[in-house]
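Here is the naming used below: chain letters follow the sequence lines, and residue numbers restart at 1 for every chain.
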Amino acid sequence: MRYAMAIDTKKCVGCSDCVVACQTENDVPVGYCRDWVVEVTDGTYPQLEIEIRSERCNHCENAPCVRSCPTGASHYEAGGIVTVTENKCIGCGACIVSCPYDARYSHPEGYVDKCTFCLHRIQKGQQPACVEVCPTKCMYFGDLDDPNSDVSKMLKKRKFKTLIPEAGTKPHVYYLI
Amino acid sequence: MSGSRRDFIKISSLSAAGLLFGGHYVQSAMQAKKIADLGSTLRTPTVCEVCFWQCAGWVYKNDEGKIKKITGNDEDPNCNGRLCPRGTGGVGMYYDEDRLKTPLLRVKGSDGKQTFKEVSWDEAFDFIAEKLQKIKKEHGPECTALFTHGSGGHYWGDLIKAFGSNNIAAPSYAQCRGPREVAFLATFGEGLNSPEPLDIRDTRCLVLIGSHLGENMHNGQVQEMSDAIDNGAAIITVDPRFSTVASKSKYWLPVKPATDIALLLSWIREIINNDWYDKDYIEKYAYGFDELKNYVQPYTPEWAYGITTIKPHLIRESAREMANAAPAVIIHPGRHVTWYGDDTQRLRAVAILNALLGSWGRKGGFYVPEKMSLPEYPHPPFPKPTRTWRDAMNGKYKLADLALASGVCDATIPSPDLDCNIKGWIVNGTNLIMTLPDQKKTIEAINNLDLLVVVDTMPMEITGYADVVLPECTYLERWDDLRVAQGRNPGIALRMPVAEPMYNTKPAYWMAKEVSKRLGLEEYFAWDTFEEKLEWQLKQVGSSLEEMKRIGVKNLPRQYSDMFFAPGEEVEFYTNTGKIELYSTALEAEGFDPFPVYTPHAEPPSGYYHLNYGRAPMHTFSRTANNPNLTDLMDENTVWVNPKVAKEWGLKKGEPVYLQNQDGVVSDFPVKVRVTERIRFDSVYIVHGFGHNDKKLKRAYGKGASDSQLITRVLMDPVMGGTGMRGNFVTFRFNKESEVQS
Ligand code: SF4
Ligand code: SF4
Ligand code: SF4
């Protein structure tokens, strides 16, 4: 089992609903976030393009954050989900520095926090909160090993990319382009 | 403001009112304890009121009883289980520590200084009732008016109708969608209302003229647009700005501002001259085709190019795209359409184009909506007012089908033409200072009032002018009327309180009932509790509170007709001719052009730019400007400037500048520059709803510029009294006081 997410940049409108839903679902304090929206404009008037991406931890198969964590707080869960065990985390921030995607933040309560793919929800058979709320239904979540999962089907059908592939992290968040 | 009869009082000038009264002063939503598991048993049905799309959802609390999160109700056709960011962030409205917390009354100290005094509800209501009675005695009850946006309007509306006035105005009409309602009424005999009956999910071509769906989060429509993209529909966006949806469009037509009618006329000509219109449909249903054909002959794409700057081949190709998709095509009527004063005519062109392509009443076009008819709780008939809002319009705007907020505001200012002025206002949930154009005039009207009651959840600019402020609890803390929305199916949705009202706040229905008692009108509010009223209504339609608490939303089968016209079906349209009026006999009868006419509008003087404004997906005008969750996403607006313009002025990214309009009005606060290719060089753009000058809005105060403040030139729509707001131009100032240094 390898959990992954595919996000359709052609449908995302950058509304940030995914950000608010994550905050209320996961008690992310106002002023912090586990996911965020990036908008890139290309070209000159009137030949323009925008790519909008909802970004979060890539749950890298080859995760520098896990390697750099001195206490083992950052670790892999079943399905390749990278999480932080709060009470093992000493807040040293080594992982924050090692993540090429800036996906982690220091929680005011003294530990490092980031996207968990809403592990607590997937365990109950639900979708991650961001996927469930997205008004454009542009996010697909599922198991890469299951050819019938939403994510596998989208990756088969569409062109996609990952972020900073040259970092060799093997991200599990794909962007449909 | 000093010297005017009504000094603007910043609610912050109070003693620590909130702290004293709140009891439980809440810092932020994050104090809520962590919870891992929210069982479905803990959920309470609600109907979102962060905007007026009215999505139905569920509110979840944690085991300590604190409101945690809000999600959509899967059965709700307005949201299909997915709230928009504002609805998801609705918790912030409840936890906002800057909320209004207790009734306030304007008093004058011995030094002549006006301040707000915290009063009891009884004192507030006694004061209101006494003033209303005085107005009734001296001027007649029809000299009172209600301005409203949101659920509370119904109760205050019943109160003033019972009192003897029908001056009930919503800025959502004359300041927003009014021209489109009148244009569609004139053409199809029917307005559009909300949510608009657009079959976007099945359309093959969606044409957006100045509407920026996606930034404008009309939830169901954004969702259906996404479905349409999945289905391979083509989107055509006409906008001087490369909006988010422009980036998802097959054609982006960066039209020169204020020239849309020229583009529409040439599209109409293309469709007709190439025989791309729906012949059977037009023959069967339409009136005035031959005249239309003659009328549009001069409007070639080459003609339109000179006006709109859109290349002729693009006009032709985009017309072809629509024709190929017809009848599954939607020329979107838009929502905020009060732009240049010829808006009814522009929307008439939109309606005509839809008619030619046969999209009205067709799959992938406009469906025939149905709405549940829910009986009112029994009450005596309302008295017939001796004067109506129409009389206050002085014979103008006869085609307006609803009261004009701006007109009622004008009728408050004494003038020799009017034999009576409005003397008392109740303002429910709308920040008139920001919603009505021409702030100076609004304030002048306010200064002529004997009574101004403001009902709101948040201190807003308008609250500063009130005689009495009534703090309403948020939608999460109250019952309200059932939501009865039009849609593909009739249905109802329930909003019920999830928590006790925080602070000393109350629901509007309770306030209106309390005032009614003091006016001897309590028979119009004959229920004891609001639940009793809802239970009675639900019983009439075969449901119950128990059921609605459980399911939140109830959809019923269609009752009257199919969603679309059957092939060859006889259809009677509610126009003078009984047909779709390409040629409008109603407009003609009132002395207006029966076909839309392109008229050139003023161009910006040198060094000035068209002031365009719009929405951001995470905000609903002023309403959300202080919401902790939503300001976290966006807490100020920026002014979009084309790089060429930025270069000319030496503007740098992120640099704060003041905006000054053609009448010399300078924005209260500076706004940061966003240098972007996404805007034409003759325009700037800002998101509406920022630049608040009430210090009590801690997060919103002084953040960005207010477009409302800069909209001092109003282009009136002679047909229905809409207030066109896009005729304003701005330039940059580096300094609030000194002159521009270019
Ligand atoms: S909720 Fe969906 S549409 Fe909105 S920003 Fe997130 S991914 Fe994009
Ligand atoms: S994105 Fe960053 S935090 Fe997430 S797994 Fe990769 S390296 Fe670690
Ligand atoms: S569109 Fe958004 S803010 Fe408006 S009612 Fe729906 S969820 Fe609420």
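With values rounded to the nearest 0.5 angstrom, A:Cys22 atom SG is found 11.0 Å from B:Lys69 atom NZ. Taken to the nearest 0.5 Å, the CG atom of B:Asn629 stands 12.5 Å off from the OG atom of A:Ser16. For the atom pair CG of A:Leu48 and CD1 of B:Ile679, the computed distance is 11.5 Å after rounding to the nearest 0.5 Å. Rounding to the nearest 0.5 angstrom, the gap separating the SG atom in A:Cys15 from the CG atom in B:Asn216 is 12.5 Å. Rounding to the nearest 0.5 angstrom, the gap separating the CZ atom in B:Arg680 from the OH atom in A:Tyr45 is 4.0 Å.
Highest contact tally toward chain A, considering only B:Leu630, B:Asp230, B:Leu213, is held by B:Asp230 [criterion: heavy-atom pairs under 4.5 Å]. Contact count versus chain A (heavy atoms, under 4.5 Å) is highest, among B:Lys644, B:Met634, B:Met618, B:Arg678, for B:Arg678.
Of the possible polar contacts, none joining the A:Lys137 side chain to the B:Asp227 backbone as a donor-acceptor pair under 3.5 Å is found. No side-chain donor-acceptor contact under 3.5 Å links B:Gln223 to the backbone of A:Thr136. Looking only at distances, a side-chain donor or acceptor of B:Asp632 sits under 3.5 Å from a matching main-chain atom of A:Gly31. A donor-acceptor contact shorter than 3.5 Å links the side chain of B:Lys248 to the backbone of A:Cys12.
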Report task. Test side-chain contact (heavy atoms from CB on, under 4.5 Å) on B:Thr88 and A:Thr24 and set out the steps. Result -> CA-CA 8 Å; B:Thr88 309; A:Thr24 60; 4.2 Å; yes

Query raised in the report: Checking side-chain contact (heavy atoms from CB on, under 4.5 Å) for the pair A:Asp17/B:Met217: CA distance, chi angles, key distance, verdict?
Result: CA-CA 10 Å; A:Asp17 206 356; B:Met217 277 315 285; 5.8 Å; no

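Residue B:Lys647 places its NZ atom among 12 or fewer non-hydrogen atoms of other residues, nucleotides or ligands, all under 6.0 Å distant. For A:Asp102, the CG atom is loosely surrounded, since the number of other residues' heavy atoms within 6.0 Å does not exceed 12. Within 6.0 Å of the CD atom in A:Glu55, the count of heavy atoms belonging to other residues, nucleotides or ligands exceeds 12. Counting non-hydrogen atoms of neighbouring residues, nucleotides and ligands closer than 6.0 angstrom, the CZ atom of B:Phe681 exceeds 12 such neighbours.
Interface remark: B:Ser249 contributes no atoms to any contact with chain A (heavy atom separation under 4.5 Å). Only the backbone of A:Glu49 comes within less than 4.5 Å of a heavy atom of chain B; no side-chain atom from C-beta onward does. Only the side chain of A:Glu39 comes within less than 4.5 Å of a heavy atom of chain B; its backbone N, CA, C and O stay farther away. For A:Thr44, the parts sitting under 4.5 Å from any heavy atom of chain B are the backbone and the side chain alike.
In summary, of the residues considered (A:Val30, A:Val19, A:Val37), a side-chain contact (heavy atoms from CB on, under 4.5 Å) with B:Leu633 occurs for A:Val19 alone.
The minimum heavy-atom distance between A:Pro135 and B:Cys84, with the atom names listed, is CG-CA, 4.4 Å. Considering all non-hydrogen atoms of both residues, B:Thr244 and A:Ile50 come closest at CA-CD1, 4.4 Å.
Of the charged side-chain nitrogens involved, none lies within less than 4.0 Å of a carboxylate oxygen, so that A:Glu132 and B:Arg82 do not count as a salt-bridged pair.
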